[in-house]
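See below for the structure under consideration.
Keep in mind that this is a model prediction, so the values were computed, not measured.
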Amino acid sequence: MKVELEARQQQGGQPQSQSQSQSQSQSLSQTQSGSTVLGSQSQTASASASFLSIPQSAPAGLLTITQPPQQSTSYFKIAQNQFITFGWNFSYILATPTHLTVSAVCENGNTYPVGPTNGIIAGTATSVVWDPYTYQTSHPNLPLAQAKYTLEIWADGGPDAVREPGVLTPNSALQFALYTPQAYTPITSGWSCAGCSSAVSQHIAHPTFIALIATLMVMFVSGSALLRRI
């Protein structure tokens, strides 16, 4: 009888442990399911928070150049330690661009990146410093020409992006020029002013100059003859 009782107790204990295991697995499954639901809800909330609604009545985003002045064409030297700073400010920007692209488009058709990061800068930047001399020495196959350039700045939509409410419109309003200074040559080394010589020869050959010399000679001869009579 004692052996049968122990056997029944053992058999009765097994179902109890199995039911506990099933209960724990169901609880764990519910917990994981709850975490999944919470995670999906969090992702949905994050996505809705990052969505930006721009009214169609909003003006297009603008970029205005503040440096250098646009009243006249600025001339910059391609020389060592001669840096160029381009500055601007934003207006009506509701969708901040992720990056800006700054390029110098030459009148000969070539395009050059502006700035130390190959023309790509942060979307919130309001200026960029360019070292054309360093670019010149680093890119001998595509040198900077002595000519006029147009500064072009655009955002994520590219240089041909259309005007949109709150979105930055590409800007190409600034024009500037680059030149390379000539090396100094002292007069003792045989330097001569070709322009000066040609200017003198042009003056000598001018009819007005010849008439003036003739008038002075007539006055001198007439005066000498008058003095002799006296």
Side-chain angles (χ1 to χ4, degrees), residues 61-91 93 97-161 168-209 212:
L62 299 177
L63 183 150
T64 304
I65 300 294
T66 57
Q67 186 180 357
Q70 300 185 65
Q71 288 78 8
S72 59
T73 302
S74 298
Y75 290 80
F76 300 102
K77 272 193 303 189
I78 304 176
Q80 193 170 10
N81 297 324
Q82 295 293 320
F83 305 102
I84 305 173
T85 300
F86 298 107
W88 57 84
N89 55 33
F90 299 106
S91 302
I93 300 296
T98 57
H99 67 273
L100 298 176
T101 301
V102 187
S103 300
V105 181
C106 183
E107 59 185 358
N108 64 9
N110 293 333
T111 299
Y112 306 88
V114 173
T117 54
N118 203 30
I120 308 297
I121 59 177
T124 56
T126 56
S127 65
V128 64
V129 179
W130 189 30
D131 185 0
Y133 179 80
T134 299
Y135 178 88
Q136 186 85 313
T137 55
S138 302
H139 300 81
N141 295 330
L142 188 62
L144 293 165
Q146 299 188 71
K148 286 187 177 181
Y149 294 78
T150 298
L151 186 73
E152 294 190 354
I153 305 175
W154 64 83
D156 307 327
D160 300 322
L168 180 63
T169 303
N171 183 287
S172 58
L174 178 66
Q175 289 191 338
F176 64 96
L178 296 177
Y179 70 95
T180 302
Q182 299 298 320
Y184 172 74
T185 303
I187 296 177
T188 55
S189 298
W191 178 86
S192 62
C193 179
C196 299
S197 300
S198 62
V200 172
S201 60
Q202 290 176 0
H203 282 299
I204 294 176
H206 198 279
T208 304
F209 182 80
L212 178 61

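Scanning for side-chain contact (heavy atoms from CB on, under 4.5 Å) contacts around T137 gives Y133, with sequence neighbours left out. Q146 meets the side-chain contact (heavy atoms from CB on, under 4.5 Å) test with Y179, T180; sequence neighbours excluded.
Heavy-atom minimum distance, K77 versus P132: O-CG, 4.3 Å. Nearest heavy atoms, S103 versus T111: CB-CG2, 3.8 Å. Annotation for V128 and P116: closest pair CG2-CD, 4.4 Å, computed over non-hydrogen atoms. For the pair L168 and A155, the tightest heavy-atom approach, listed with the atom from each and the gap, is CD2-CB, 3.8 Å. For the pair A161 and P170, the tightest heavy-atom approach, listed with the atom from each and the gap, is O-CD, 3.7 Å. Between A104 and W130, the shortest heavy-atom contact is CB-CH2, 4.1 Å.
Considering CG of N89 and CD of Q67, their distance stands at 12.0 Å, rounded to 0.5 Å. Taking OG1 of T124 as the start and NE2 of H99 as the end, the distance is 13.0 Å to the nearest 0.5 Å. Between atom NZ of residue K148 and atom CG of residue N108 there is a gap of 14.0 Å, rounded to the nearest 0.5 Å. Here the straight-line distance linking atom CG of L144 with atom CD1 of I78 works out to 5.0 Å at 0.5 Å rounding.
Remark: side-chain polar atoms of Y149 are not paired, donor with acceptor, to backbone N or O of Y112 under 3.5 angstrom. Side chain of T150 to main chain of Q175: no donor-acceptor pair is present (N/O by atom type, distance under 3.5 Å, no hydrogens or angles).
Under the ring-ring contact (aromatic ring centres under 6.0 Å, His included) criterion, no residue pair touches residues 63-85, with sequence neighbours excluded.
At least one side-chain heavy atom of W88 sits less than 4.5 Å from a side-chain heavy atom of L100. With contacts defined as side-chain heavy-atom distances shorter than 4.5 Å, the pair I65/N171 qualifies. V102 is not listed as a side-chain neighbour of F86, based on a closest heavy-atom distance of 4.5 Å or more. Looking at heavy atoms from C-beta onward, P143 lies out of side-chain contact with Y135 at the 4.5 angstrom threshold. I84 places none of its side-chain heavy atoms less than 4.5 Å from the side chain of V129. Counting heavy atoms from C-beta on, the side chains of I121 and T117 come closer than 4.5 Å.
Between the side chains of T98 and D156, at least one donor N or O lies within less than 3.5 Å of an accepting N or O.
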